[in-house]
Protein chains: 2
Amino acid sequence: MSNKETTGEREPTLVQSVDRAITILELLARGERGVTEIAAELGVHKSTVSRLVYTLQARQLVEQHGERGRFSIGIGMLRFAGAVAGQLDIVQVGNPVCEELAGRLGETVNVAVLDSANAINVSQALGTSAVAAQNWIGQRTPSHATASGKALLAFMPPGELDELLAGGLVSYTARTITDPQELGEVLKGVAEDGYATSFEELEPGLHAIAVPVFGSGGDVIAAISASGPAYRLSRKRIPEVVEELRRGARELSDRMAYMGR
Amino acid sequence: MSNKETTGEREPTLVQSVDRAITILELLARGERGVTEIAAELGVHKSTVSRLVYTLQARQLVEQHGERGRFSIGIGMLRFAGAVAGQLDIVQVGNPVCEELAGRLGETVNVAVLDSANAINVSQALGTSAVAAQNWIGQRTPSHATASGKALLAFMPPGELDELLAGGLVSYTARTITDPQELGEVLKGVAEDGYATSFEELEPGLHAIAVPVFGSGGDVIAAISASGPAYRLSRKRIPEVVEELRRGARELSDRMAYMGR
DNA sequence: TTTCTTTGTTGCTCATAGTGCAACTATAAC
DNA sequence: GTTATAGTTGCACTATGAGCAACAAAGAAA
């Protein structure tokens, strides 16, 4: 087996069918679609997709709507979800804290951890404004363009920081910080103030405010953020929101410490 | 390709490597382990597992501890978890309700839906008794031996019910109901009383109480349950617990109806 | 209704991609 | 130091997975 180029190129050898199966799962995670459609997106033959999907279906990782219908992510996936959540105790502990804060603030609240240069949301509670609330769980977001991300970056050893950001800063909106030096300044401010913001730096019209969560060793283990539409989560609300978030962060710290972290 | 027997035997053809990869994920969901160990459990060669695992790792579905260490489920899995959760709005809605009930009752609270003959827990909040709280999310549990399962079965059309249970009733403890006729009687009682119990029918020492959650059409869409150790969640507490659970179930119903279900 | 299109499934065939082997390396145990 | 254990990788073989094409089922159009 050579496997020179599959999706990109890897040094060791990737198992092609598994790699493709995962890609299919990722596509389906973004919405249901049919075999033909998937085949087009993957650049492979219908039949190939049909068999891959069949295998995934046999294990409940995808579901078929009707006899010959379209496919979507299946409930079997929850099995794994539970396992990850169990491993990261911060997920368990984060949920109730998110819920409470979301209730108080009326905005969507997330707990995120850092994974290389991305912030990953691990718990979430939706705000009271029922509709259009996006699901962020498991989402990898670029740390330099999000409030949580900045809260996490601001407390890293400078050496590691540079390494992480070596890839360059991608721009998402006109307000995204793309200059490493500027980002450095901003992060310095975050470390001093104890909170970070992202006002339309990731998506137009989206505001977010975040604070760090400290582990018992004084290190930053996560960030907790509130996010909502620009007109509702305005700059004026910063003091109020930060205060609430800090309370939540402290509670999270305490509970984690209690569990032996 | 023939693929006559891989794990069992399927009529259409399974993609072997994908099937194996999923098995690996399932193993890792139950705890971290090494390549050699996995290879033994799968009955394949180390190298095969090493490559499969590498592929999974490249997509963050598994994580390696250290350079050449053991493997465990990875954060990337959360991406998919979020997707499932987004599809089943009951997950979103169920979480806060679970949290609240768990707080009041001090026991673990779960929301479950029916998937063929199994009850699957889709949301969960842990009780106050911090330790030893098991993670049930995504777990498929045999409906005839669990409180949630019985609450779900009790409101099914009798025809479908018989079909579901045609496979026979597996016994888990001395108290598990294994006689279909007896189960029928019990379910009738559940439908009348409006709640179901499982006292050491799934695991010795484990008690659970559940009530159904109705959809806007009057059909049962889920069940909500409280579970805990036998000595704490005793029969005496049934009235109290049922009352709380009913309140939660009603809230869940209302919220779901509000969302258009 | 019939016909035309589209989409998912399946038998067949070929060659690629995946597996097993074995040698290699790194880490841990003694 | 030696030995044992566990993960990775080059190589060779063939079982396995992918593509093709014919088929079946379900809609859409006429």
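When reading the values below, keep in mind they use all heavy atoms of this one structure, side chains included, and skip hydrogens, waters and symmetry mates. Chain letters run A, B, ... following the sequence lines, proteins first and then strands; every chain starts at 1.
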### Query
Picking from D:dC11, C:dT9, D:dA21, which would you name as closest to the side chain of B:Arg51?
D:dC11
### Query
Any side-chain N or O of A:Ser47 less than 4.0 Å from the OP1 or OP2 oxygen of D:dA18?
no
### Query
Taking atom C1' of C:dG8 as reference, at what distance in whole Å does atom CD of A:Gln57 sit?
12 Å
### Task
Mark yes or no for whether A:Thr173, through its side chain, and A:Pro204, through its backbone, hold a donor-acceptor pair below 3.5 Å.
no
### Message
What's the angle between the local helix axes at either end of the helix from C:dT1-D:dA30 to C:dC30-D:dG1, using five pairs per end and rounding to 10 degrees?
### Response
50°
### Task
Mind listing the residues from residues 32-44 of chain A sitting with a heavy atom below 4.0 Å of DNA chain C? Number order is fine.
A:Gly34, A:Val35, A:Thr36
### Query
Do B:Ser17 and A:Ser17 have side-chain atoms, one donor and one acceptor, less than 3.5 Å apart?
yes
### Message
Looking only at the side chains, is there a donor atom on one of B:Arg59 and A:Thr23 sitting less than 3.5 Å from an acceptor on the other?
### Response
yes
### Message
Using a 4.0 Å heavy-atom cut-off, does B:Ser17 contact any base of the nucleic acid, only the sugar-phosphate backbone, or nothing at all?
### Response
sugar-phosphate
### OP1 or OP2 of D:dG19 under 4.0 Å from side-chain N/O of A:Thr48
yes
### Query
If you check the B:Val15 side chain, which of D:dT8, D:dA21, D:dG17 turns out closest?
D:dG17
### Task
Kindly write out the residues that satisfy ring pair (Phe, Tyr, Trp, His ring centres under 6.0 Å) with A:Phe214, not counting sequence neighbours, or none if the list is empty.
A:Phe155
